S.K.: 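Let me give you the structure first, and then I'll get to my questions.
Predicted, not measured: the structure shown is a model, and the values here were computed from it.
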Amino acid sequence: MLINNLPYRKPKLHKDYFIKDNMFGNAMDIRERCLTRQDWTLGFPWRNEMWPGMRCSGGLLPDEMKL
């Protein structure tokens with residue numbers, strides 16, 4: 001399995017992840033829009049890749065991407 005070959009590095013704030021509260025004023029709208037989509041791409045463990053869970057292209061609108 002690909003994920004077992006990746007070395008672990010403890011995540012560091014502002015390098016591996018970022019935290020910003022209230023990034024989207026319309027977070028519930030984004031959530032509802034994403035929940036209605038049927039074109040999700042499945043990641044690990046459904047496919048042999050390291051990205052976990054599910055994702056969809058175009059989940060955010062162009063104006064939302066500018067934030």
Side-chain angles (χ1 to χ4, degrees):
M1 200 178 287
L2 179 63
I3 194 108
N4 291 335
N5 295 328
L6 297 175
Y8 176 77
R9 181 180 75 203
K10 184 175 181 179
K12 294 180 182 167
L13 183 61
H14 303 295
K15 180 174 181 174
D16 301 304
Y17 68 95
F18 300 82
I19 297 174
K20 179 162 175 58
D21 290 334
N22 302 317
M23 179 75 174
F24 297 105
N26 64 335
M28 292 305 289
D29 294 336
I30 295 169
R31 176 187 177 274
E32 290 299 321
R33 183 172 65 234
C34 289
L35 289 176
T36 62
R37 296 188 60 146
Q38 300 297 315
D39 59 339
W40 290 92
T41 300
L42 300 178
F44 180 82
W46 296 278
R47 290 177 40 189
N48 189 21
E49 60 179 52
M50 64 182 185
W51 186 269
M54 298 167 45
R55 61 192 179 277
C56 63
S57 179
L60 296 175
L61 300 175
D63 286 344
E64 295 164 346
M65 291 293 292
K66 292 177 185 176
L67 294 175

S.K.: Is there side-chain contact between Leu42 and Arg55, with heavy atoms separated by less than 4.5 Å?
M.R.: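 No, their side chains stay 4.5 Å or more apart.
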
S.K.: Considering residues at least two apart in sequence or located in another chain, which fulfil the side-chain hydrogen bond (donor to acceptor under 3.5 Å, both in side chains) criterion with Arg31?
M.R.: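 Partners of Arg31 by the side-chain hydrogen bond (donor to acceptor under 3.5 Å, both in side chains) criterion come out as none, since no residue qualifies.
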
S.K.: Sequence neighbours left out, what passes side chain to side chain contact (heavy atoms under 4.5 Å, CB included) with Leu61? Give chain and number order.
M.R.: Arg33, Glu64

S.K.: Let me check something: do Trp40 and Leu35 share a hydrophobic cluster, defined by ILVMFWY side-chain heavy atoms less than 4.5 Å apart, either directly or through other members?
M.R.: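 Different clusters.
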
S.K.: Asp63: what forms a side chain to side chain contact (heavy atoms under 4.5 Å, CB included) with it, not counting sequence neighbours?
M.R.: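 So Asp63 forms a side chain to side chain contact (heavy atoms under 4.5 Å, CB included) with Lys66.
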
S.K.: Under the rule for side-chain hydrogen bond (donor to acceptor under 3.5 Å, both in side chains), what residues qualify as partners of Asp16, not counting sequence neighbours?
M.R.: Arg9

S.K.: Excluding sequence neighbours, so at least two apart, what forms side-chain hydrogen bond (donor to acceptor under 3.5 Å, both in side chains) with Asp29?
M.R.: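 Expected list: none.
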
S.K.: What's in the same ILVMFWY side-chain cluster as Leu13, cut-off under 4.5 Å, chained through other members?
M.R.: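 Besides Leu13, the cluster holds Tyr17, Ile19.
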
S.K.: At their closest point, which heavy atom of Cys34 faces which heavy atom of Gly59, and how far apart are they?
M.R.: SG-O, 3.9 Å

S.K.: Return the NZ to NZ distance between Lys12 and Lys10, rounded to the nearest 0.5 Å.
M.R.: 9.5 Å

